[in-house]
Every structure is written in C-alpha cells, then in structure tokens.
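Everything quoted here is computed from the prediction, not taken from an experiment. In what follows, every heavy atom counts, from backbone to side chain, and hydrogens, waters and symmetry copies are set aside.
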Amino acid sequence: MTVQKIFEFLNQKYPVETACGFDNVGILVGDPEAPVSKAVVALDCTKDAIKTALDNGCELIITHHPVIFSPLKNVLKGSIVYEVLKNGLSVISMHTNLDIGEGGVNDSLVKILSPLSVETVITYDGYAIKKCEIEPISADALAEKIKENLGGDIRYTDCPALISNILVCGGSGGNYVTETQKFGCDALLTADVKHNHFLDADRLGVALFDAGHFDTEDVVIEPLKELLQTEFSEIKFITNHTKVIKNR
C-alpha cells in the first residue's frame with residue numbers, strides 16, 4: 001500500500017475539490033509512491049505527532065490541519081516540514097473538505113449532543129454546517145454536557161429560553177452566530193469566538209458556546225482512524241491526541 005492509494009481513498013470520501021478556496025489539502029509532503037505499513041492520524045502535524053510516527057515505525061502522518069498552509073519562504077532545521085522530510089515521512093492533510101464531509105468534523109461534533117435530527121445548512125458565505133434538534137436543555141446544562149464530552153474549557157452566553165435547536169461548526173465559526181435566527185436556532189456551538197460575537201449572541205437572545213478549536217475538531221480523529229483501519233486492514237493506524245495548548 002502506498003501514500004497515493006491512501007490519499008485516493010480519502011479523496012473519494014472527502015474530495016479535495018470540496019475544500020474552501022483558501023485551503024491547502026492533499027499529499028503535501030513526501031513521496032506519493034512510498035510504501036506504508038503504519039500511519040499516525042492526528043489533528044496537527046506537531047513535533048509530538050512526528051515523534052509518535054518515528055517511535056512506532058510509521059511512514060505517514062494524516063492530519064486535519066494542513067502541514068503547509070501559508071507559502072513557505074524557507075525549510076530550515078527544526079521546522080516541521082524539515083523534520084518530516086529529514087525522517088522520510090509523508091503527510092496527507094484533509095481540512096475543510098473533512099469538516100463538511102459525511103462522517104467528518106461537523107458530523108462527529110454533532111454526535112456529542114445526542115441529536116434527535118440533523119440537517120446540513122448553508123451559511124451566508126457558502127459554507128456547510130450542521131443544524132440539529134436536541135431535547136430542550138438550559139444553556140448551563142448544555143455547557144456541562146459539552147464539557148463532559150469534549151473536555152477543555154467552555155465559554156458561553158446564556159439565553160432566556162431552553163435550547164432545542166442548535167447550529168454546529170467545528171473550529172472557527174463565531175461569525176455564524178448571526179445565522180442562528182435565520183435557521184430557527186437557539187444556539188451555536190463552535191470555537192475561536194471573539195468578544196463581539198458573544199455580544200451579538202447576547203443581543204440576539206441566543207446562546208453561544210466556545211468549546212475550543214482543538215476539542216471541537218479532535219473528535220474526528222478516532223472515527224477517521226476507524227474508517228481507515230476498516231479500509232486498509234493491513235496497515236496499523238495510530239492516533240495522536242496531544243494538545244499543545246494547556247488550560248488551567
């Protein structure tokens with residue numbers, strides 16, 4: 001099995017052409033024809049993910065966030081791309097195409113809410129996120145449920161009514177708080193929320209939950225590993241969930 005064959009399978013499930021125009025996805029580092037017997041699946045290609053790969057004799061790292069996003073001006077010793085190349089590794093990154101795909105980030109995040117129903121809605125900028133119906137619950141109780149399922153710290157605003165319909169967008173989606181009423185929702189679950197987004201939520205009378213970028217997207221890593229393991233039984237897939245950002 002090769003890097004290319006694994007990418008071709010992922011591309012069938014999460015086509016690169018569905019990624020946002022600003023994105024950078026696909027085989028981003030390494031040799032497409034390199035054989036693969038073991039691979040790491042992680043949210044980011046970090047130093048720890050590389051260490052996991054080397055400690056376990058892996059040839060490939062599969063990430064959500066692109067290992068190369070902005071144009072590179074150099075590749076120097078100690079940089080992530082340098083370390084990947086020096087150690088003969090390859091990296092496949094599947095980003096916004098994995099966000100919106102079936103069984104991807106948003107689908108995985110929705111599951112923690114125990115939804116009664118789920119549908120895909122298209123936001124003002126053309127991005128696909130999820131709307132789900134849940135058993136009516138207070139903002140405080142929902143915040144506790146999110147924390148229990150994801151860990152990390154939860155920042156949120158209250159709302160006057162119980163929450164029964166909620167928009168869900170893994171990663172950075174605070175700007176979609178103004179879409180809540182458009183889609184008949186009482187709340188938005190996302191991350192990287194700015195102060196003004198919380199103020200918008202308070203003005204609109206809806207709840208806004210910031211559950212952390214890492215935590216709202218890392219939920220896809222285990223399902224992605226299982227998908228790959230089922231398809232490629234001859235390869236050993238190992239997950240890395242190391243969180244670089246520390247909370248107190």
Residue pairs passing the ring pair (Phe, Tyr, Trp, His ring centres under 6.0 Å) test where at least one lies in residues 229-248, sequence neighbours excluded: Phe9-Phe232
Salt bridge check, [Y] against [X]: does any charged N sit closer than 4.0 Å to a carboxylate O?
X      : Y      : answer
Lys51  : Asp48  : no
Glu144 : Lys147 : no
Lys145 : Glu148 : no
Lys243 : Asp215 : yes

I'd like to know whether [atom1] of [X] has more than 12 heavy-atom contacts from other residues, nucleotides or ligands below 6.0 angstrom.
X      : atom1 : result
Ile245 : CD1   : no
Lys225 : NZ    : yes
Glu8   : CD    : yes
Lys47  : NZ    : no

Gap between atom [atom2] of [Y] and atom [atom1] of [X] - 0.5 Å precision:
X      : Y      : atom1 : atom2 : value
Thr46  : Glu83  : OG1   : CD    : 12.0 Å
Leu10  : Ile62  : CG    : CD1   : 5.5 Å
Ser79  : Asn74  : OG    : CG    : 7.0 Å
Leu167 : Lys182 : CG    : NZ    : 10.0 Å
Glu102 : Thr120 : CD    : OG1   : 9.5 Å
Tyr14  : Leu227 : OH    : CG    : 5.0 Å

Intermediate values then yes/no, side chain to side chain donor-acceptor pair (under 3.5 Å), His64 and Asp218: CA-CA 9 Å; His64 176 49; Asp218 191 61; over 6 Å; no
Main-chain N/O of Arg155 paired with Asp210 side-chain donor or acceptor, under 3.5 Å: no
Are [Y] and [X] connected in a single hydrophobic cluster, I mean Ile/Leu/Val/Met/Phe/Trp/Tyr linked by side-chain heavy atoms less than 4.5 Å apart?
X      : Y      : value
Leu43  : Val29  : no
Ile129 : Tyr124 : yes
Val67  : Val16  : no

Test side-chain contact (heavy atoms from CB on, under 4.5 Å) applied to Asp186 and Leu162, Ile163, Val206, the passing residue: Ile163
Full working for side chain to side chain donor-acceptor pair (under 3.5 Å) between Asp31 and Ser90: CA-CA 6 Å; Asp31 180 4; Ser90 297; over 6 Å; no
Working for side chain to side chain contact (heavy atoms under 4.5 Å, CB included), residues Leu116 and Glu135: CA-CA 7 Å; Leu116 302 174; Glu135 292 286 354; 3.8 Å; yes
Exercise: do Glu222 and Thr239 side chains pair donor with acceptor under 3.5 Å: yes
Minimum heavy-atom distance Ala211-Leu189, with the two atoms named: CB-CD1, 4.0 Å
